[in-house]
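These notes concern the structure reproduced below.
These values consider heavy atoms only, across backbone and side chains, with no hydrogens, waters or symmetry-generated copies. Owing to the predicted nature of the structure, the values given are computational and were not obtained by experimental measurement. Position 1 is the first residue of the sequence; numbering continues from there.
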Amino acid sequence: MKITALMVLKCNPEGSDPVILANASDVNHFGYFQRSSVKEFIVFVGRTVAKRNPPGQRQSVQHEEYKVHSYNRNGLCALGFMDDHYPVRSAFSLLNQVLDEYLKNFGESWKTVQSDNAQPWPYLNEALAKFQDPAEADKLFKIQRELDETKIILHKTIDSVLERGEKLDSLVEKSSDLSAASQMFYKQAKKTNSCCTVL
């Protein structure tokens, strides 16, 4: 799972091209000579998707193995360029956090911005690095992953109990501490319980 870029744009209601307010990208996984072209492509696709995303809407656009997730909150639009494996709920949770943080830092000043990248914003680069793990963006995803790990541990524990149960049979037979009556009781109880199990 990889986030390639995050952008915040001002979408103009009159249909002109959106203004890029902040842009962060990590194109190190591309070849050295491809990086500038990839950055230009990100800007082009970002403007195109943001321009076509109506206010109050979330949308995802797929291109090959990448998805562009977009959230337009009343003209302030956040975009994330992620690979296909990044969970959608985590992506939109991240975009929501980015918009909240942007409004907290800059307030309504974005409405008067007329040119690209007018306001430097280091938080976007930090978010790009931090949210490579979807669990950081989506607490429910993090809880689900922890539950899955617990379930795996639980299965291992049950398996070890079953193995111990099989060994218990041989220990009962070998034990000199148990009388013949106790051994017979154990075997009868096990036999009786085995006929009552539901498969």
Point to revise | F30: ring-ring contact (aromatic ring centres under 6.0 Å, His included) partners, not counting sequence neighbours | key: none
Review point. Minimum heavy-atom separation for N125 to A24, with atom names?
Key: OD1-CB, 3.1 Å
Review point. Taking the side chain as C-beta and beyond, is there a heavy-atom pair between L79 and N53 under 4.5 Å?
Key: no
Review point. Hey, is the main chain of P18 close enough, under 3.5 Å, to the side chain of R47 for a donor-acceptor pair?
Key: yes
Practice item. Test side-chain contact (heavy atoms from CB on, under 4.5 Å) on V61 and V45 and set out the steps. Key: CA-CA 10 Å; V61 178; V45 171; over 6 Å; no
Practice item. For the residue pair C11 and P55, establish whether any side-chain heavy-atom pair is separated by less than 4.5 Å. Key: no
Exercise for review: Decide if atom NZ of K39 counts as having more than 12 heavy atoms of other residues, nucleotides or ligands within a radius under 6.0 Å.
Suggested key: no
Point to revise | Spatial distance of atom CZ (F81) from atom NE2 (H69) [nearest 0.5 Å] | key: 11.0 Å
Point to revise | Atom pair CD (Q97) and CZ (F92), whose distance is rounded to the nearest 0.5 Å | key: 14.0 Å
Practice item. Dump the intermediate steps for side-chain contact (heavy atoms from CB on, under 4.5 Å) on I42 and V27, then the final yes or no. Key: CA-CA 10 Å; I42 288 170; V27 293; 4.3 Å; yes
Revision key, fill the gap. For residues 100-111, the salt bridge (charged side-chain N to carboxylate O under 4.0 Å, His left out) pairs (sequence neighbours left out) are R73-D100, E101-K104, E108-K111
Point to revise | Single-linkage hydrophobic cluster V38~F33, side-chain heavy atoms < 4.5 angstrom | key: no
Check your understanding: Taking N12 for the side chain and D17 for the main chain, is one N or O donor matched with an acceptor at less than 3.5 Å?
Key -> yes
Check your understanding: Are L21 and L76 close enough that some pair of their side-chain heavy atoms sits under 4.5 Å apart?
Key -> yes
Point to revise | Separation between OH of Y71 and CD of Q57, rounded to the nearest 0.5 Å | key: 10.0 Å
**Study point:** Heavy-atom side-chain proximity of L103 to W110 below 4.5 angstrom
**Key:** yes
Check your understanding: Hey, does the side chain of D83 reach the backbone of Y86 with a donor-acceptor pair shorter than 3.5 angstrom?
Key -> yes
**Study point:** Separation between CG of L99 and CG of N72, rounded to the nearest 0.5 Å
**Key:** 8.5 Å
Exercise for review: Determine which pairs satisfy side chain to side chain donor-acceptor pair (under 3.5 Å) with at least one residue from residues 18-34, sequence neighbours left out, and list them in order.
Suggested key: K2-D26, D26-N28
Exercise for review: Please answer whether the main-chain N or O of I20 pairs with a side-chain N or O of D116 as donor and acceptor at a distance below 3.5 Å.
Suggested key: yes
Review point. Roughly how far, to the nearest 0.5 Å, is the OG atom of S70 from the NZ atom of K51?
Key: 14.0 Å
Check your understanding: NZ/K67 to CD/Q62 distance, rounded to the nearest 0.5 angstrom?
Key -> 5.0 Å
